[in-house]
Amino acid sequence: MRSARLVQVGAKDLSPLRFDLGNRTESQIPGVLASQGPSFLLFCHNTPMTTADALVDWFEGHARSLPWRTEPRDAYRTLVSEIMLQQTQVDRVAPRFVEFVRRWPDLKALAAASEDDVLAIWSGLGYYRRARLLHRLAREVVGSGRNQLPEDIEALRTLPGIGDYTAAAVGSLAFGLEAPVLDGNVQRVVARVTASDGDPRASGGQTRMKAWVRKLFPGHHPGVVNEALMELGATVCTPSRPRCDSCPLLRCCKGYQAGCPEEYPPPRKVRATEHLRWVAVCFVGSDGRWLLRRVQEGPILRGLWLPPLADLEAEADPVSVAMGLVPEGLMVETGTMFGAVRHHITHRRIEVIPVLVPTLDADLPAAVWQWSRPGEVLGGTSSLFEKLHKVIRNNEKDS
DNA sequence: GACCCGTGGGA
DNA sequence: TTCCCAAGGGT
């Protein structure tokens, strides 16, 4: 097997288009040359195209255009994107990322921000601890007299919110360090290519997979190899119905050869879902603003601003429960129940019953209460606020 | 290692 | 509808 490189004459950045010649000679691919014009030269190699070559070539031709994929790669922007992308899909992250780095373009600016402002931008993204830890990281780095991230995997790893994955991602993508990343995508790709039956999440599996990724580094930028594996997992080697016919690793994929790539990796254990019912008391003032309370206790949504919430027993009357939550000093009319809103928080499945309670404006302690509407909250809020707001607004329109 | 955290989209 | 899961980290 031989490979070829197509290089533009005089091009400053030699990022050659590589492709596999297979059993053909260069004279048998005139179409490629013709389409590229006379300013290209073809170099043929008698060395086989490696798995890494195929992967990197595929990535260079198929990488999605994403706001954090700038050249040169900025370490701060890489960090912000990686934190946002933890357990969160690209399409949801992209607009938030743009907003975030426009407002806080570097670590110093982020360190100077208030946590409430950071949470406000983060609202709706979920896993709010990520935002708090990122903010803490910025203050730690800037407070220690530096304004830049350390160019060292171990040093990165000690910063708040940075674990094995994020340290390797920032180190390799931004600094070119040879650290293999193992996210869910890469674990799936490697499990399929190697037809590995073991649990990729167990420590033994992690060590083996990292070694497999490391073998792809020689001759390539480690960040490009890492990102290519993740991109492949996200767009081709998908959990269900992988598009194997478009995969650059097809010929070396043991899972494909076995005819069952989807069976790798083995499924994770499922956690039982817990069903909850809440009532949400929607105090709405004459100007349309809602009364929000900072969530004080409990494991969920702590510190965020939401309409007052309370557990709802099976036989309880939502309106009665809601009226019991009227804060002192607030003049209200009677409450009206609306159709339930569904909200999922990790393994919990929550049915939230909105009760609209029109109210006269009143001043309440600002540490715990604020009047606001979606998009204007001073501090963090959950997408649940928007869901409740939408239900009540739509129903009011009907009547 | 087990369990915790948000959210929305696709199958 | 229900289930799975997505560029994980902290405890």
* **No-H, no-angle donor-acceptor pair, A/Thr88 side chain to B/dG6 base, under 3.5 Å** => yes
What pairs of donor and acceptor atoms, side-chain ones from residues 241-250 of chain A against any protein atom, are under 3.5 angstrom apart with sequence neighbours left out?
{"from": "A/Arg243", "atom 1": "NH1", "to": "A/Thr235", "atom 2": "O", "distance (Å)": "2.8"}

* To do: Before giving the answer on salt bridge (charged side-chain N to carboxylate O under 4.0 Å, His left out), spell out for A/Asp164 and A/Arg157 the whole-Å C-alpha distance, their side-chain angles and the decisive distance to 0.1 Å.
  => CA-CA 6 Å; A/Asp164 286 341; A/Arg157 179 69 180 76; 2.7 Å; yes
* Enumerate the residue pairs fulfilling ring pair (Phe, Tyr, Trp, His ring centres under 6.0 Å) with a member in residues 77-100 of chain A, sequence neighbours excluded, ordered by first and then second residue. => A/Trp68-A/Phe97, A/Phe100-A/Trp104
* To do: Assign A/Leu301 to base, sugar-phosphate, or nothing according to its heavy-atom contacts below 4.0 angstrom with the strands shown.
  => sugar-phosphate
* **Nucleotide of B/dG6, C/dA6, C/dG8 approaching A/Ser382 most closely (side-chain heavy atoms)** => B/dG6
Tabulate protein N/O versus nucleotide N/O from nucleotides 9-11 of chain C, keeping only pairs under 3.5 Å, one per line.
{"from": "C/dG9", "atom 1": "OP1", "to": "A/Gly163", "atom 2": "N", "distance (Å)": "3.0"}
{"from": "C/dG9", "atom 1": "OP1", "to": "A/Thr166", "atom 2": "N", "distance (Å)": "2.9"}
{"from": "C/dG9", "atom 1": "OP1", "to": "A/Thr166", "atom 2": "OG1", "distance (Å)": "2.3"}
{"from": "C/dG9", "atom 1": "OP2", "to": "A/Tyr165", "atom 2": "N", "distance (Å)": "3.3"}
{"from": "C/dG9", "atom 1": "N2", "to": "A/Arg129", "atom 2": "NH2", "distance (Å)": "2.5"}
{"from": "C/dG10", "atom 1": "OP1", "to": "A/Gly161", "atom 2": "N", "distance (Å)": "2.6"}

* Nearest listed nucleotide, side chain of A/Gln87, among B/dC5, C/dC5, C/dG8 -> C/dG8
* **Spatial distance of atom NZ (A/Lys390) from atom CG (A/Asn395) [nearest 0.5 Å]** => 13.5 Å
Collect all protein-nucleotide pairs involving nucleotides 2-4 of chain C in which both atoms are nitrogen or oxygen and the distance is under 3.5 Å.
{"from": "C/dT2", "atom 1": "OP2", "to": "A/Arg349", "atom 2": "NH2", "distance (Å)": "3.0"}

* When rounded to the nearest 0.5 angstrom, what is the spacing between CE in A/Met49 and CZ in A/Arg251? -> 8.0 Å
* Asked: If we take the P atom in both B/dG6 and C/dT11, what is their distance in whole Å?
  -> 14 Å
* Asked: Which residue pairs pass the side chain to side chain donor-acceptor pair (under 3.5 Å) test with at least one member in residues 265-276 of chain A, sequence neighbours excluded?
  -> A/Arg271-A/His347
* Asked: Taking only residues at least two apart or on different chains, which pairs with a member in residues 287-346 of chain A satisfy ring pair (Phe, Tyr, Trp, His ring centres under 6.0 Å)?
  -> A/Trp290-A/Phe385, A/Trp290-A/His389
* Structure fact -> Rounded to whole Å, the CD-C1' distance (A/Gln89 to B/dG9) equals 6 Å
* Let me know the distance between CZ of A/Arg268 and P of B/dG1, rounded to the nearest Å. => 15 Å
* To do: Answer with base, sugar-phosphate or nothing: what part of the nucleic acid does A/Arg188 contact at a heavy-atom distance below 4.0 Å?
  => sugar-phosphate
* Asked: Do any side-chain nitrogens or oxygens of A/Lys269 fall under 4.0 Å of OP1 or OP2 in B/dG1?
  -> no
* Asked: Looking across every strand, which nucleic acid part, if any, lies under 4.0 Å from A/Gly124 by heavy atom: base, sugar-phosphate, or nothing?
  -> sugar-phosphate
Kindly list each side-chain donor-acceptor pair under 3.5 angstrom involving residues 125-137 of chain A, sequence neighbours excluded, with atom names and distances?
{"from": "A/Tyr128", "atom 1": "OH", "to": "A/Gly124", "atom 2": "N", "distance (Å)": "3.0"}
{"from": "A/Tyr128", "atom 1": "OH", "to": "A/Thr381", "atom 2": "O", "distance (Å)": "3.3"}
{"from": "A/Arg130", "atom 1": "NE", "to": "A/Tyr127", "atom 2": "O", "distance (Å)": "3.3"}
{"from": "A/Arg130", "atom 1": "NH1", "to": "A/Ile83", "atom 2": "O", "distance (Å)": "3.2"}
{"from": "A/Arg130", "atom 1": "NH1", "to": "A/Met84", "atom 2": "O", "distance (Å)": "2.8"}
{"from": "A/Arg130", "atom 1": "NH1", "to": "A/Gln86", "atom 2": "O", "distance (Å)": "2.8"}
{"from": "A/Arg130", "atom 1": "NH1", "to": "A/Thr88", "atom 2": "OG1", "distance (Å)": "3.0"}
{"from": "A/Arg130", "atom 1": "NH2", "to": "A/Thr88", "atom 2": "OG1", "distance (Å)": "3.4"}
{"from": "A/Arg130", "atom 1": "NH2", "to": "A/Leu125", "atom 2": "O", "distance (Å)": "3.3"}
{"from": "A/Arg130", "atom 1": "NH2", "to": "A/Gly126", "atom 2": "O", "distance (Å)": "3.0"}
{"from": "A/Arg132", "atom 1": "NE", "to": "A/Glu115", "atom 2": "OE2", "distance (Å)": "3.4"}
{"from": "A/Arg132", "atom 1": "NH2", "to": "A/Arg302", "atom 2": "O", "distance (Å)": "3.1"}
{"from": "A/His135", "atom 1": "NE2", "to": "A/Ala113", "atom 2": "O", "distance (Å)": "2.9"}
{"from": "A/His135", "atom 1": "NE2", "to": "A/Arg139", "atom 2": "NE", "distance (Å)": "3.4"}

* Structure fact -> Whole-Å distance, A/Arg241 CZ to B/dG10 C1', equals 11 Å
* Asked: Roughly, in whole Å, what's the span from NZ in A/Lys390 to C1' in B/dT7?
  -> 14 Å
* Asked: Which salt bridge (charged side-chain N to carboxylate O under 4.0 Å, His left out) pairs, counting each pair once, include a residue from residues 283-293 of chain A, with sequence neighbours left out?
  -> A/Asp287-A/Arg289
* State which of C/dC5, C/dT1, B/dT7 makes the closest approach to the side chain of A/Arg342. => C/dT1
* To do: Scan A/Trp68 against the nucleic acid and name what it touches under 4.0 Å (heavy atoms): base, sugar-phosphate only, or nothing.
  => base
* Asked: When the distance from NE2 of A/His343 to P of B/dG6 is rounded to whole Å, what number comes out?
  -> 9 Å
* To do: Can you run down the salt bridge (charged side-chain N to carboxylate O under 4.0 Å, His left out) pairs that involve residues 359-379 of chain A, sequence neighbours left out, and say none if there aren't any?
  => A/Arg373-A/Glu376
* What distance separates A/Arg188 CZ from A/Cys237 SG, expressed to the nearest 0.5 Å? -> 6.0 Å
* **Short side-chain N/O contact to B/dG8 OP1/OP2 from A/Ser383, under 4.0 Å** => yes
* Structure fact -> When rounded to whole Å, the CG to P distance for the pair A/Leu125 and B/dG9 reads 13 Å
* Under the side chain to side chain donor-acceptor pair (under 3.5 Å) rule, what pairs show up with a residue in residues 317-331 of chain A, not counting sequence neighbours? -> A/Asp317-A/Ser320
* Structure fact -> Ordered by number, residues from residues 200-212 of chain A within less than 4.0 Å of DNA chain B (heavy atoms) are A/Ser203
* Asked: B/dC3 phosphate, OP1 or OP2: any side-chain N/O from A/His347 under 4.0 angstrom?
  -> no
* Just how far, in rounded Å, is C1' of B/dG6 from CG of A/Leu119? -> 13 Å
* May I have the distance from A/Asp199 (atom CG) to B/dA2 (atom C1'), rounded to whole angstrom? => 13 Å
* Nearest-nucleotide pick for A/Lys387, side chain only, options being B/dG8, C/dA6, B/dC5 -> B/dG8
* Asked: Taking for each residue the nucleotide of DNA chain B bearing the nearest heavy atom, is the 5' side occupied by A/Ser240 or by A/Arg271?
  -> A/Arg271
* Structure fact -> Residue pairs passing the salt bridge (charged side-chain N to carboxylate O under 4.0 Å, His left out) test with at least one member in residues 73-91 of chain A, sequence neighbours excluded, are A/Arg73-A/Glu227
* Asked: What nucleic acid atoms does A/Arg96 come within less than 4.0 Å of, heavy atoms only: base, sugar-phosphate, or nothing?
  -> nothing
* Side-chain N or O of A/Tyr128 closer than 4.0 Å to phosphate OP1/OP2 of B/dT7 -> yes
* Between CG of A/Leu364 and CG of A/Leu292, what distance do you get to the nearest 0.5 Å? -> 11.5 Å
* Assign A/Leu66 to base, sugar-phosphate, or nothing according to its heavy-atom contacts below 4.0 angstrom with the strands shown. => base
